Amino acid sequence: MEDNKAYKDNIIVAENVSYTYTDNDDNENNDTEAIKNLSCEIPRGKFTAIIGHNGSGKSTLAKLLSGIMVPGSGKVTVYKAGDKEGISSDDENNDFEIRKTVGMVFQNPDNQIVATIVEDDVAFAPENIGIEPKEIRRRVDEALKTVGLTEYALHDTHKLSGGQKQRVAIAGMLAVEPECIIFDESTAMLDPGGRKDIMNTILSLKNKGITVVLITHYMNEATRADNIIVVDHGDAILTGTPEEVFDNEEVLKKCGLEAPQSTLVVQKLRENGIDIDARGVLDAQSASEAIDKALKAKKGVRDDA
Ligand code: ADP
Ligand code: MG
């Protein structure tokens, strides 16, 4: 049988998916078409960021990709490691397998904690999918270690900071041992320190071979990704590396997004007639390198003169 390209490269593939929230009052005019004929791919083992302004459809897309919701039309296929056929989210029989393969972490850490003791909370999800107690113990210890909360195993979940709670939620997800975790604005309610901790955790998950999808409105978080998907009005309108995506000033502006601060600074210099290469500038480090290069080039010209 011919090898399926999607299986080789992607863990989730969405093809022409649409999703409409229907009004409970049966008033058709109030239906919201949140996702419109959207296609996208989530590459296996990579870190993909999804960006887009409020209401563009990111959370709806995340729920479709994780099988929490089923598209009204189109198809979402999840490819577990070694599964060439893929499993479709519209078959109810696949719910359990998809839940074990793709996990989701949400925005509000308080809504995701169910137990009063940290390690009980982390054990909750693996218990729910019928993992044996001995294996649960191993997974809980490993998950807490991954998120840096080993010493908090017996702590009261209510007394943790927002960032720590979010790490407990991530540990609970890890204990299910999914191949992919989707974070829906999971850093949005945290202070800068908590955000940084979660970003570091996310990057360490990728290094462990877990596919990571991060929905974020922090552009400096998106620059850390391998790929970015830009969502606007329910469609994926732009996909590429951070360098490629943030070079599209016009498209970003159209969907109410801005490149990271460092990129903007260098783009502004270029707009003002400074001969500087703004491509690939995504953070303070690369901005300072580009400025340095531009200054040296200018000086070089003068030296020659
Ligand atoms: P984002 O996460 O990018 O802010 P969402 O996926 O939450 O976007 O929302 C996309 C659109 O769907 C918005 O217009 C929003 O108002 C609408 N929407 C989201 N959730 C619901 C819901 N449960 N019922 C009705 N409309 C919804
Ligand atoms: Mg959202």
Side-chain angles (χ1 to χ4, degrees), residues 12-42 47-76 89-90 98 102-112 162-163 165-166 169-170 173 180-190 194-195 198-199 202 212-225 227-240 242 245-246 248 251-260:
I12 310 173
V13 177
E15 291 164 279
N16 306 108
V17 296
S18 297
Y19 189 89
T20 300
Y21 291 100
T22 44
D23 192 296
N24 289 336
D25 301 334
D26 238 4
N27 178 353
E28 278 192 27
N29 293 329
N30 273 344
D31 289 355
T32 307
E33 209 186 344
I35 296 293
K36 297 168 201 164
N37 202 30
L38 179 153
S39 297
C40 72
E41 295 168 344
I42 305 299
F47 171 7
T48 301
I50 299 179
I51 59 176
H53 65 80
N54 272 343
S56 57
K58 304 179 299 298
S59 292
T60 307
L61 175 61
K63 286 175 190 154
L64 294 173
L65 294 177
S66 60
I68 293 177
M69 297 191 323
V70 176
S73 64
K75 192 171 146 191
V76 172
S89 73
D90 64 12
I98 291 180
V102 184
M104 246 182 104
V105 176
F106 297 91
Q107 185 176 86
N108 189 339
D110 287 314
N111 294 348
Q112 298 170 84
K165 281 182 193 165
Q166 200 59 294
I170 295 172
M173 205 68 259
C180 173
I181 302 185
I182 302 179
F183 296 86
D184 188 1
E185 304 220 29
S186 307
T187 64
M189 296 180 83
L190 308 178
R195 276 212 298 279
I198 299 301
M199 272 313 288
I202 287 174
V212 173
V213 179
L214 173 68
I215 296 173
T216 183
H217 63 255
Y218 294 106
M219 296 305 128
N220 61 336
E221 291 180 355
T223 61
R224 314 285 293 273
N227 294 298
I228 298 181
I229 299 173
V230 181
V231 176
D232 189 48
H233 288 96
D235 196 7
I237 60 157
L238 181 63
T239 302
V245 166
F246 289 125
N248 276 275
V251 180
L252 292 176
K253 205 187 241 172
K254 198 187 116 251
C255 27
L257 296 170
E258 268 195 342

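Just so it is clear, the model here is predicted, and its values are computed rather than measured. Each residue takes its place number in the sequence, starting with 1. Atoms within each ligand, like the ligands themselves, are counted from 1 in listed order. Reckoned from all heavy atoms, side chains included, excluding hydrogens, waters and symmetry mates.
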Which of the numbered atoms in ligand 1 are below 4.0 angstrom from a heavy atom of [X]?
X   : value
A34 : 10 (C), 11 (C), 12 (O)
S59 : 1 (P), 2 (O), 6 (O), 7 (O)
H53 : 3 (O)

I'd like to know if the side chain of [X] and the backbone of [Y] have a donor-acceptor N/O pair within less than 3.5 Å.
X   : Y   : result
S18 : N37 : yes
T60 : A34 : no
T22 : D31 : no

Query raised in the report: Among the heavy atoms of S56, does any lie under 4.0 Å from an atom of ligand 1?
Result: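 Right, S56 reaches ligand 1.
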**Report entry** Any E185 heavy atom less than 4.0 Å from ligand 1
**Finding:**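 Not so, E185 does not reach ligand 1.
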Report task. Evaluate side-chain contact (heavy atoms from CB on, under 4.5 Å) for V213 paired with C180, printing each intermediate quantity in order. Result -> CA-CA 8 Å; V213 179; C180 173; 4.2 Å; yes
To which protein heavy atom is [atom] closest, and what is the distance rounded to 0.1 Å?
atom                    : answer
atom 19 (C) of ligand 1 : Y21 CE1, 3.4 Å
atom 9 (O) of ligand 1  : T60 OG1, 4.0 Å
atom 3 (O) of ligand 1  : K58 NZ, 2.7 Å

Query - atom 24 (N) of ligand 1 touched by protein (heavy atom, under 4.0 Å) - result: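 Looking at atom 24 (N) of ligand 1, one finds that a protein heavy atom does lie closer than 4.0 Å.
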Query raised in the report: Within 4.0 Å of atom 13 (C) of ligand 1 (strictly less), any protein heavy atom?
Result: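 At least one protein heavy atom is under 4.0 Å away.
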Query raised in the report: Under 6.0 Å from the NZ atom of K36, do we count more than 12 heavy atoms belonging to anything else shown?
Result: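 Yes, the 6.0 Å shell around NZ holds more than 12 heavy atoms from other groups.
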Query - From L61 atom CG to I182 atom CD1, the distance as rounded to the nearest 0.5 Å - result: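 Spacing of CG (L61) from CD1 (I182) equals 8.0 Å.
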Query raised in the report: Could you give the distance from CZ (F47) to CG (L214), rounded to the nearest 0.5 Å?
Result: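 Rounded to the nearest 0.5 Å, the CZ-CG separation comes out at 4.5 Å.
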Query raised in the report: Using a heavy-atom cut-off of under 4.0 Å, does the side chain or the backbone of T32 touch ligand 1, or both, or neither?
Result: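 For T32, the contact with ligand 1 is made by the side chain alone.
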Query - Candidate pair I50 and C40, rule side-chain contact (heavy atoms from CB on, under 4.5 Å), full reasoning - result: CA-CA 11 Å; I50 299 179; C40 72; over 6 Å; no
Query - Taking every non-hydrogen atom, the tightest pair across Q166 and S186 - result: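 It is NE2-O, 2.9 Å.
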Query raised in the report: So, for I237 and C255, which heavy atoms are closest and what is the spacing to 0.1 Å?
Result: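 Answer, listing the atom of I237 first, then C255: CD1-SG, 3.7 Å.
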Query raised in the report: Side chains of Y19 and K63: closer than 4.5 Å at any heavy-atom pair?
Result: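 A side-chain contact is absent here, since even the closest heavy-atom pair is not under 4.5 Å.
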Query raised in the report: Are any non-hydrogen side-chain atoms of I202 and I181 less than 4.5 angstrom apart?
Result: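 I202 does not reach I181 side chain to side chain.
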Is any N or O atom of [X], backbone or side chain, closer than 3.5 Å to an N or O atom of ligand 1?
X   : result
G55 : yes
G57 : yes
N54 : no

Query raised in the report: Does the side chain of S59 come under 3.5 Å of the side chain of D184 through a donor N or O and an acceptor N or O?
Result: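 A donor-acceptor contact under 3.5 Å links the two side chains.
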Query raised in the report: Leaving out waters, which are not shown anyway, how many protein N, O or S atoms lie closer than 2.8 Å to the Mg ion (ligand 2)?
Result: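 Counting protein N, O and S atoms closer than 2.8 Å to the Mg ion (ligand 2) gives 1.
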